[in-house]
J.: 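Starting off with a structure, shown below.
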There are 2 protein chains.
Amino acid sequence: METFKAGELRVDRDTPIVLEGTSSPHLYTVLEGTAIRFKTLEDGRRQVIGFVLPGDFIGLQAAVMAEMQHSVTAVSAMHLCVFNRADLYRMFGEQPERSFDVTWLAAREEHFLGDQLVTVGRRSALERVAHALHMLHGRALDVGIATKTSMDMPFTQEDLADALGLSLVHTNKTLSRLRALQVASWKTKKLEIFDRERLADIAGIENAPPPIRPLI
Amino acid sequence: METFKAGELRVDRDTPIVLEGTSSPHLYTVLEGTAIRFKTLEDGRRQVIGFVLPGDFIGLQAAVMAEMQHSVTAVSAMHLCVFNRADLYRMFGEQPERSFDVTWLAAREEHFLGDQLVTVGRRSALERVAHALHMLHGRALDVGIATKTSMDMPFTQEDLADALGLSLVHTNKTLSRLRALQVASWKTKKLEIFDRERLADIAGIENAPPPIRPLI
DNA sequence: CGGCGAGTTGATCATAGTCAAGATCTGTGG
DNA sequence: CCACAGATCTTGACTATGATCAACTCGCCG
């Protein structure tokens with residue numbers, strides 16, 4: 001993978017990394033920091049379609065299709081590894097293994113989106129919030145940026161609300177409920193998980209361990 | 001692509017093609033007919049995460065990841081082209097072009113899901129139904145199974161409701177509204193589009209023609 | 001003719017949205 | 001170190017969109 005590395009990039013919180021409708025000559029993997037993927041309607045309504053954690057790809061869509069279908073903005077300071085779009089195409093010719101891994105990542109992204117769609121389409125507010133916290137904590141554990149009982153939450157409650165298709169107010173009230181239930185508490189950029197078991201239960205998760213990811 | 005073709009398959013309406021949580025040794029492209037992709041919660045709630053039309057891939061997730069994350073069931077008689085999972089891996093080594101196209105398809109699927117997520121998360125019932133009809137008609141036009149003013153709708157209203165995160169009853173009432181507005185009418189498996197322009201307008205769609213698809 | 005799946009319609013209920021006001025937290029400059 | 005401003009979070013009161021329940025109709029197939 002080193003062969004294809006074009007450089008590194010550091011960006012601040014709130015920096016747009018890629019924009020919906022544009023085609024960047026670069027794509028990125030996240031070395032450090034977090035971001036949100038989202039789409040915006042003309043009237044300002046926003047849907048967060050995913051959370052970007054270390055190890056994730058940014059800009060694959062633009063590299064493969066003509067242009068990005070969503071925007072990505074940093075929610076904390078980030079450290080990115082930069083690749084050239086053209087090199088991706090070259091890689092498909094030279095490194096079938098890596099190419100397969102890229103497709104794996106795309107399939108995984110599809111999987112996340114499907115899950116999110118079920119959450120937004122068919123779960124109640126309490127289930128949604130529980131599901132989101134469970135997933136975020138689980139993924140953060142995977143990449144080693146969380147402990148069993150707590151993690152940093154660089155997102156705002158508005159980000160979460162927009163991810164879940166709920167209003168900010170209702171999301172906040174639902175978080176209070178989870179706090180009252182002694183399941184999880186999110187205060188001042190810090191999420192504390194008191195009972196991950198129960199959280200999964202409320203979210204309606206039956207579960208299995210997450211798949212092994214390829215290293216990129 | 002002929003090299004990798006393992007056979008053909010004909011299935012009836014209501015036949016499950018792949019199941020969530022399983023890994024099939026095959027993957028398919030649709031030559032004819034339609035299907036739905038969906039996920040089910042233990043308590044029976046169902047979320048339709050996509051509609052499968054001719055030219056679409058089925059089973060890519062299972063081929064790339066360990067197992068399928070959603071089920072696919074035929075909603076009309078279908079004619080499928082069958083490939084072996086193992087051959088996909090071989091293809092990545094032998095045909096970089098085709099491999100890139102497969103990744104393109106995965107990225108497109110991701111795009112559809114993102115759109116759907118916006119619809120379910122942030123649009124009103126009327127907007128959702130309008131958006132879904134617009135998209136289905138648009139895609140059907142693309143693959144040549146619709147005219148400018150009408151198309152076959154093998155789905156039930158329950159399928160649509162489950163795709164939009166609405167109840168069946170409310171979906172039905174919203175369809176009545178669109179009929180009253182003289183925009184579109186869906187009666188007995190037939191969708192009629194009276195005013196595609198207006199439909200797009202109600203759905204809140206601004207924009208551009210769909211991307212060119214690679215032939216597989 | 002009878003039965004079943006799908007679609008239609010009305011009445012009532014509940015979840016989540018909106019509006020509004022206040023509290024708390026954060027960063028900035030004096 | 002403090003004061004202030006803007007962002008973020010919190011809580012309450014009221015509203016509205018869509019869910020649920022229930023009954024009925026229609027079309028199709030035996």
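Lettering follows sequence order; numbering is per chain, from 1.
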J.: On a plain distance test, is the side chain of A:Lys173 in donor-acceptor contact with the base of D:dG12 below 3.5 Å?
T.: yes

J.: Which distance, rounded to the nearest 0.5 Å, do you find between the CZ of B:Arg108 and the OG1 of B:Thr103?
T.: 13.5 Å

J.: Any base atoms under 4.0 Å from B:Leu166, or only sugar-phosphate, or nothing? Heavy atoms, all strands.
T.: sugar-phosphate

J.: With a 4.0 Å cut-off on heavy atoms, is B:Arg179 in touch with a base, just the backbone sugar-phosphate, or nothing at all?
T.: sugar-phosphate

J.: CD of B:Gln157 versus C1' of C:dT8: gap in Å, rounded?
T.: 9 Å

J.: Hey, which sits more toward the 5' end of DNA chain C by its nearest nucleotide, A:Arg177 or A:Lys189?
T.: A:Arg177

J.: Just the rounded figure in Å: distance from P of C:dG5 to CZ of B:Arg13.
T.: 11 Å

J.: In whole angstroms, how far is the C1' atom of D:dG18 from the CG atom of B:Leu164?
T.: 13 Å

J.: Do side-chain atoms of A:Gln116 reach the backbone of A:Ala163 as a donor and acceptor pair under 3.5 angstrom?
T.: yes

J.: With sugar-phosphate meaning primed atoms plus P, OP1 and OP2, does A:Thr174 contact a base, only sugar-phosphate, or nothing at under 4.0 Å between heavy atoms?
T.: nothing

J.: Could you walk me through whether A:Val30 and A:Leu53 pass side chain to side chain contact (heavy atoms under 4.5 Å, CB included), step by step?
T.: CA-CA 7 Å; A:Val30 178; A:Leu53 299 185; over 6 Å; no

J.: In sequence, state the C-alpha distance, the side-chain angles, and the governing distance for A:Thr34 and A:Phe51, and then conclude on side chain to side chain contact (heavy atoms under 4.5 Å, CB included).
T.: CA-CA 7 Å; A:Thr34 45; A:Phe51 299 98; over 6 Å; no

J.: Taking only the side-chain heavy atoms of A:Asn172 (C-beta and beyond), determine which of C:dG17, D:dT11, C:dG7 contains the nearest atom.
T.: D:dT11

J.: When the distance from CG of A:Leu168 to C1' of D:dT10 is rounded to whole Å, what number comes out?
T.: 10 Å

J.: For the pair made of NE2 in A:His170 and P in D:dA13, what is the distance, rounded to whole Å?
T.: 17 Å

J.: Starting at the 5' end of DNA chain D and moving along, which residue's nearest nucleotide shows up first, A:Arg122 or A:Thr156?
T.: A:Thr156

J.: For B:His26 and B:Asn84, what are the C-alpha separation, side-chain angles and deciding distance, and is it a side chain to side chain contact (heavy atoms under 4.5 Å, CB included)?
T.: CA-CA 5 Å; B:His26 298 124; B:Asn84 286 319; 3.2 Å; yes

J.: Could you check whether A:Ser124 gets within reach of a base, just the sugar-phosphate, or nothing at all, counting any heavy atom under 4.0 Å?
T.: sugar-phosphate

J.: Rounded to the Å, how far apart are A:Leu126 CG and C:dT15 C1'?
T.: 12 Å

J.: Between B:Thr188 and C:dA6, does any side-chain N or O lie under 4.0 Å from OP1 or OP2?
T.: no

J.: Without decimals, in angstroms, what is the distance between B:Glu158 CD and C:dG7 C1'?
T.: 11 Å

J.: Given atom NZ of A:Lys190 and atom C1' of C:dC25, what is their separation to the nearest angstrom?
T.: 16 Å

